[in-house]
Amino acid sequence: MEYETRVGEFSGPLEKLLTLIEAEKMDINEVSLAKVTDDFLRYLETFKKGMTEDAEAIDADAERKFRVDLRILADFVSVASKLIFLKSKYLLPGLALTQEEEADIKDLEARLHIYQQLKPAIKLINQLWATSHHSFSRQYFIGKVAMPGQTTFYPGTNLDTEALTAAMHGIFDTIKTYDIETETIREKIVTLEEKISEVLGRIQKEGDMHFNNLSGEKSRGEMIVVFLAILHLAREQLVLLEQMDNFSDIMVKKK
Amino acid sequence: MKNGRASLEALLFIHGEPLSYKKIQSVLGIENDELETIIKELQTDLESNDRGLQLVSDREKIQLATKPEFNSILESFMKEEISEDLTPASLEALSIIAYLGPISRARLEYLRGVNSIVILRSLMIRGLVERFSDPEHPSGFLYRGTFDLMKHLGIKEKGELPDYEKFQELLKVFDQPAAETEPAQ
Amino acid sequence: MKNGRASLEALLFIHGEPLSYKKIQSVLGIENDELETIIKELQTDLESNDRGLQLVSDREKIQLATKPEFNSILESFMKEEISEDLTPASLEALSIIAYLGPISRARLEYLRGVNSIVILRSLMIRGLVERFSDPEHPSGFLYRGTFDLMKHLGIKEKGELPDYEKFQELLKVFDQPAAETEPAQ
């Protein structure tokens, strides 16, 4: 299927994270995770950029591709937010992690360990796929398909128009569920671009301001996205991050 | 040739139809004499009571088939298989073909989200569906309901099926423009 | 049963697709024990270098297929549909399903850290993976590799995958209840 090409290019956040950690020859732990966070976010950005380009095309195919990408993005963002929490432990001592968030980070570590053990299996299947000799079987009742003009007709006892209509409804229900699931994901993602431009806008308007101000009354999830956006901006060197001492607020400054 | 019998068995097994001596020689890369020897060996093997297959041949062609002593058991097996009630999966495939046919296999599979080769074959064997060459892509095939199916459903054309218009509309939303025709087998 | 091996061979030959043990028992009118014995006998027969066929099996179903060593002879004959390349994501999902299947979507997604509905759909359309009702949770589904996958990889059963036992150990992680959450928020 055409629109799965994009999905295929990205194995997933765990694979990416593990690759980054292994490239640095580090073990899987909090320190190494915190260390590769920026690289991970940068990667997430390139993924996002590809998506925006797709979203500009308006035909149905591009729209579908965009929705598929959203699903994957959701998972990358989910991992990214865990990394941000972790990083924030080092950067924002004021933002104490809840038990749940600590558990999330432990869970991420555990998953990476499992993924590391799984990786050889993926290599093995890839090898088999590329080099194996195939075994072939016969078609279902080969040679028994009725020739034109031949009268075989076995409808069974449950075939009527109602049964066919019900089956059609079932198919379209499945398709609808599939679409709704993506819509929900879309609603839940606060897109990075929006946040980034929002932050930029406010900085330009009000000059330097405190991170606490910026995040305002928002939910924790959104606060993380704001933080993510700031990290992104800092990386792009659009603003400078300044933390006076370990326990203070972070200053966001216009460059 | 090493493993001549085994190669011949494998080849005739997947081909399903009578295969000419010439073709076999070229596929296995052997001369006529050697092929004759291998066929005789295979024939002798198949005579065993532990084998259920036999070679059917004329001067030019040869085919692997089941021994006649299993005809009755196999025929009743097949009859039972194709007269069973349609499974939910078969009904699903058949409904798409009835409502949206003629349709390619790729499109059917795309809508169902499942590989449908075997189900299509079973629907054809049951006389519910037929396959024909796609007039627009001569190398591809399309599937449609048979005349007997329409008669059984009590309709003259698919437009008479309940909610026909509605499903056509729904389909437009979901439709996929990419090339859909099934390559020739 | 007299001629058990021969009947089984003829039955699998005609049917072509994987056939369930249950169905075979009812067609041949034999009990499970006897069927197991017959299958073992047939398997032993097929090991001979003079035979070109083998049995592919998943303990519930069984199928007659050609031995992989005849691939080069047969490939030109079979228009293969599934040999297209696998994308990294498909490969990742397929490997997990091949080694750890039957597996739920939630577990697959836990291990991949990524929503896998699209990949699962594409693997099912290609006929490499199939979905079935979880016998322990009737409303849930499990995914497993298909016979077509095994044949494509040239194995007779999934236990022949390299280091199969070792990777099975990884399933122990699911004994901890925490490992069941879906990754997508």
Most contacts with chain A, counted as non-hydrogen pairs under 4.5 angstrom, among B:His152, B:Glu84, B:Glu130
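Of B:His152, B:Glu84, B:Glu130, B:His152 has the most heavy-atom pairs under 4.5 Å with chain A.
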Chain A interface, residue from B:Thr146, B:Leu100, B:Leu153, B:Leu149 that has the most non-hydrogen pairs under 4.5 Å:
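Highest number of heavy-atom pairs under 4.5 Å: B:Leu153.
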Given a strict heavy-atom distance threshold of 4.5 Å, which part of [X] is in contact with chain A: side chain, backbone, both, or neither?
{"X": "B:Asp163", "value": "side chain"}
{"X": "B:Ser90", "value": "neither"}
{"X": "B:Leu123", "value": "neither"}
{"X": "B:Phe77", "value": "side chain"}
{"X": "B:Leu86", "value": "both"}

What residues form a side-chain contact (heavy atoms from CB on, under 4.5 Å) with A:Glu15, not counting sequence neighbours?
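Once residues adjacent in sequence are excluded, the partners of A:Glu15 under the side-chain contact (heavy atoms from CB on, under 4.5 Å) criterion are A:Ser11, A:Thr19, A:Tyr115, A:Lys119, C:Glu92.
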Shortest non-hydrogen contact from A:Thr161 toward B:Pro162
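Scanning both residues, the minimum pair turns out to be CB-CD, 4.0 Å.
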Checking side-chain polar atoms at under 3.5 Å, does A:Tyr140 have a donor or acceptor matched by the opposite partner on B:Glu81?
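Note: A:Tyr140 and B:Glu81 side chains meet the donor-acceptor criterion.
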Does a donor on one side chain and an acceptor on the other come within less than 3.5 Å for B:Arg112 and B:Ser116?
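Yes, side-chain donor-acceptor contact under 3.5 Å.
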Just by modelled atom types, is the B:Phe141 backbone N or O under 3.5 Å from a matching donor or acceptor in the B:Asp134 side chain?
no
Please confirm whether the backbone N or O of B:Val118 pairs with a side-chain atom of B:Ser122, one donor and one acceptor, at under 3.5 Å?
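No.
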Quick check on the structure: residues of residues 15-45 of chain B within a heavy-atom distance below 4.5 Å of chain A, by number.
B:His15, B:Gly16
Sort A:Ile171 into side chain, backbone, both or neither according to what part of it lies under 4.5 angstrom from a heavy atom of chain B.
side chain
In terms of heavy-atom proximity below 4.5 Å to chain B, should A:Asp160 be classed as side chain, backbone, both, or neither?
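Just its backbone gets close to chain B.
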Is any NZ, NE, NH1 or NH2 atom of the basic residue among B:Glu9 and B:Arg51 found under 4.0 Å from an Asp or Glu carboxylate oxygen of the other?
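Answer for the salt bridge query: yes.
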Under 4.0 Å between a Lys/Arg side-chain N and an Asp/Glu carboxylate O for B:Glu75 and B:Lys79?
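Judged by the 4.0 Å cut-off on N to carboxylate O distance, B:Glu75 and B:Lys79 do not form a salt bridge.
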Is the terminal nitrogen or CZ of B:Arg105 (NZ for Lys, CZ for Arg) located under 6.0 angstrom from the six-membered ring centre of B:Tyr143 and within 45° of that ring's axis?
no
Do B:Arg126 and A:Phe153 form a cation-pi contact, if we require the NZ or CZ to be under 6.0 Å from the six-membered ring centre and within 45 degrees of the ring's axis?
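Cation-pi check for B:Arg126 and A:Phe153: fails.
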